[in-house]
Amino acid sequence: MPAYETVIGLEVHAQLNTESKLFCSCSTKFGNDPNENVCPVCSGMPGVLPVLNAKVVEYAAKLGLATGCTVQNKSVFERKNYFYPDLPKGYQISQLEQSICTNGVLTIEVDGEKKDVRINRIQMEEDAGKNIHSAAENASFVDLNRTSVPLLEIVSEPDIRSAKEAVAYLKTLRSILLYLGISDGNMEEGSFRCDANVSIRPFGQEEYGTRCELKNLNSFRFVERAIEYEVERQIDLIEDGEEVDQETRLYNPDKNATFTMRGKEEAHDYRYFPDPDLVPVQVDDAMIAEWQGQLPELPTEKRERFLDEFGLPQDDAELLTAELAVAEFFEAAAESYGGKPRKVANWMIGELLPYLNENGLTADRCKLSPEACGPGQTARLRRHFPEDR
Ligand code: ADP
Ligand code: ZN
Ligand code: MG
């Protein structure tokens with residue numbers, strides 16, 4: 001048994017796929033020309049007032065309900081004050097003390113073992129813009145298209161004990177977001193981002209060690225590697241009789257190492273206070289009940305049903321339910337291939353999924369209808385992604 005135990009708490013930012021921004025009617029569309037999706041509200045002009053997008057409240061509540069949180073009847077937006085060129089107002093509107101959802105739990109599975117990770121809270125907040133540094137023009141530019149696009153921040157308790165568990169937590173959470181249809185969960189495009197708080201302590205010690213916060217983890221593989229590196233670094237420090245400094249560190253994938261970004265002394269004091277331009281968010285029990293009734297079958301429930309209904313092995317059921325589009329494809333294909341769901345599952349796992357992976361495709365873009373799919377159809381499958389040839 002190793003001498004030290006790893007302790008991890010994750011802060012995830014998920015971009016929501018609403019049509020419009022959090023406090024104005026600007027489009028959230030990705031890929032428009034810089035500063036096309038901008039108005040006086042999201043560009044921080046003085047004298048304008050934010051108006052809350054009701055869809056965001058619904059989405060936040062639904063994620064809360066799907067993760068066993070209490071949805072609060074009253075929550076409060078606060079201003080998080082700091083200066084940065086991509087933040088025209090000089091503050092981010094966020095939640096903290098009175099967040100919309102609290103005290104949830106996410107059940108993860110690692111090596112066949114189930115484990116509950118508690119969720120501290122889910123808060124609604126706005127995204128910042130983007131700085132673009134151009135070497136060619138020797139200049140920096142600010143694109144405010146992303147400014148005030150709605151995010152949910154999901155904060156876990158420090159219940160995670162390994163890099164593997166951290167990845168399982170992230171995959172489970174992402175899968176729920178996709179099933180709810182409230183986020184595209186695209187990590188490369190930044191719509192699913194994660195900061196990992198990592199500390200170690202001698203086995204058996206109750207008190208937590210000093211943590212470092214790792215930023216810039218934009219793939220599952222980087223999350224795993226960054227945490228593994230960081231744990232080794234902290235163990236080395238302690239073994240050498242030194243101390244871990246509480247700091248924010250950046251992961252560099254090229255070097256596969258983490259580096260100091262800012263220490264505790266440079267930690268920001270954000271001077272949070274309730275936003276005087278926004279009234280508290282009220283949701284009554286009838287609304288919460290209605291949203292509860294609208295929840296789709298969630299990944300775990302679907303997996304259980306695939307085990308029962310189709311008699312799939314555990315691993316297969318897991319692979320086929322991780323993404324909603326894949327699960328739906330399987331159900332349709334299994335039905336049309338009457339009575340041989342295991343054969344369809346084998347074909348999908350052995351041929352379709354690797355094919356999608358290799359070609360960067362998703363099941364919902366497969367032009368071959370599930371009805372026409374199935375064992376022995378791989379050659380046809382290859383002809384059915386015409387736009388990707
Ligand atoms: P802060 O207010 O300083 O951001 P929080 O209590 O909100 O601190 O914690 C932020 C994140 O850090 C949470 O996900 C939490 O689980 C995690 N965390 C807190 N303490 C530790 C620790 N000692 N080791 C690892 N993670 C921790
Ligand atoms: Zn706007
Ligand atoms: Mg915090």
Side-chain angles (χ1 to χ4, degrees), residues 4-13 18-29 32 35-45 48-53 56 78 80 87-89 93-97 99 102-106 116-123 125-129 143-150 153-163 165-166 169-170 173 193-202 205-215 217 223 226-227 230-231 234 238 243-249 262-264 266-272:
Y4 297 96
E5 182 177 39
T6 302
V7 174
I8 303 164
L10 297 176
E11 298 170 273
V12 172
H13 288 93
T18 54
E19 296 276 320
S20 58
K21 293 187 178 182
L22 183 48
F23 299 114
C24 61
S25 57
C26 287
S27 165
T28 55
K29 199 158 164 273
N32 280 4
N35 298 308
E36 201 178 313
N37 308 347
V38 167
C39 76
V41 174
C42 58
S43 61
M45 294 295 133
V48 294
L49 285 173
V51 177
L52 177 60
N53 182 343
V56 177
E78 301 206 41
K80 178 181 181 178
L87 188 77
K89 292 198 297 294
I93 303 178
S94 179
Q95 299 195 299
L96 184 66
E97 294 301 326
S99 297
T102 55
N103 297 329
V105 64
L106 204 65
D116 286 345
V117 176
R118 290 169 301 153
I119 291 175
N120 174 281
R121 65 181 183 276
I122 300 174
Q123 57 196 54
E125 61 184 33
E126 55 182 352
D127 210 344
D143 177 5
L144 298 182
N145 282 355
R146 212 180 58 191
T147 306
S148 214
V149 164
E153 177 171 349
I154 303 106
V155 183
S156 88
E157 295 291 349
D159 289 347
I160 298 164
R161 294 289 173 269
S162 69
E165 285 185 11
Y169 173 93
L170 293 172
L173 180 56
R193 318 195 279 265
C194 153
D195 301 332
N197 295 271
V198 179
S199 66
I200 57 164
R201 63 180 171 187
Q205 177 181 307
E206 197 153 331
E207 199 187 320
Y208 292 132
T210 306
R211 72 184 142 116
C212 289
E213 181 174 355
L214 310 183
K215 295 208 174 268
L217 309 173
V223 170
I227 291 173
E230 181 60 21
V231 168
Q234 293 186 11
I238 305 276
E243 282 182 357
V244 175
D245 289 327
Q246 184 170 342
E247 56 185 12
T248 304
R249 300 177 67 87
R262 57 173 180 257
K264 202 180 184 181
E266 301 148 86
H268 295 131
D269 178 355
Y270 294 112
R271 309 257 160 176
Y272 278 94

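What you see below is based on every heavy atom in this structure, not just the backbone, and it leaves out hydrogens, waters and symmetry mates. As the structure is a computational prediction, the values presented were derived from the model and not from experiment. Each ligand, and each atom within it, is numbered from 1 in the order the structure gives. Residue indices begin at 1 and follow the sequence shown.
Between the side chains of N145 and N32, no donor-acceptor pair of N or O atoms lies under 3.5 Å. With no hydrogens or angles considered, no side-chain donor-acceptor pair links E207 and Q205 at under 3.5 Å.
Using a 4.0 Å cut-off between heavy atoms, R211 contacts ligand 1 through its side chain alone, with no backbone atom that close. Residue-level proximity to ligand 1 for L10 is carried by the backbone, the only part with a heavy atom below 4.0 angstrom. Contacts with ligand 1 closer than 4.0 Å are made by side-chain heavy atoms of V155 only, the backbone lying farther away.
Excluding waters, the set of protein N/O/S atoms under 2.8 Å from the Zn ion (ligand 2) reads C24 SG, C26 SG, C39 SG, C42 SG.
Evaluated for a salt bridge (charged side-chain N to carboxylate O under 4.0 Å, His left out) with E126, the options K80, K21, K89 yield exactly one hit, K89.
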* List the steps and the verdict of salt bridge (charged side-chain N to carboxylate O under 4.0 Å, His left out) for E213 and R211. => CA-CA 7 Å; E213 181 174 355; R211 72 184 142 116; 5.0 Å; no
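When each atom of ligand 1 is checked for a heavy atom of Y208 under 4.0 Å away, the hits are 23 (N). Atom numbering of ligand 1 starts at 1 in the shown order; those under 4.0 Å from a heavy atom of E157 are 16 (O). Residue V7 has at least one heavy-atom neighbour below 4.0 Å for each of these atoms of ligand 1: 24 (N), 25 (C).
For ligand 1, the polar-atom distance check finds an N/O of P158 within less than 3.5 Å of one of the ligand's N/O atoms. Backbone and side-chain nitrogen or oxygen atoms of E11 are examined, and none is located within less than 3.5 angstrom of a nitrogen or oxygen of ligand 1. Checked against a 3.5 angstrom limit, the closest N/O atoms of S199 and ligand 1 fall inside it. At under 3.5 Å, a nitrogen or oxygen of G209, whether backbone or side chain, sits near a nitrogen or oxygen of ligand 1.
By the neighbour-count criterion of 12 heavy atoms within 6.0 Å, atom CD of E19 is sparsely surrounded, having that number or fewer from other residues, nucleotides or ligands. Atom CZ of R271 sits in a sparse spot, with 12 or fewer heavy atoms from other residues, nucleotides or ligands closer than 6.0 Å.
Separation of atoms CD (Q95) and CD (E78) is listed at 8.5 Å; rounding is to 0.5 Å.
Remark: R118 does not engage D116 in a salt bridge, criterion side-chain N to carboxylate O under 4.0 Å.
Here the side chains of N53 and S20 are in contact, with some heavy-atom distance below 4.5 Å. Taking 4.5 Å as the limit, every side-chain heavy atom of E157 sits out of range of all side-chain heavy atoms of V117.
Selection from A196, C212, S156 by nearest heavy atom to atom 16 (O) of ligand 1 gives S156.
With sequence neighbours excluded, the residues forming a ring pair (Phe, Tyr, Trp, His ring centres under 6.0 Å) with Y270 are Y82, H268, listed by chain and number.
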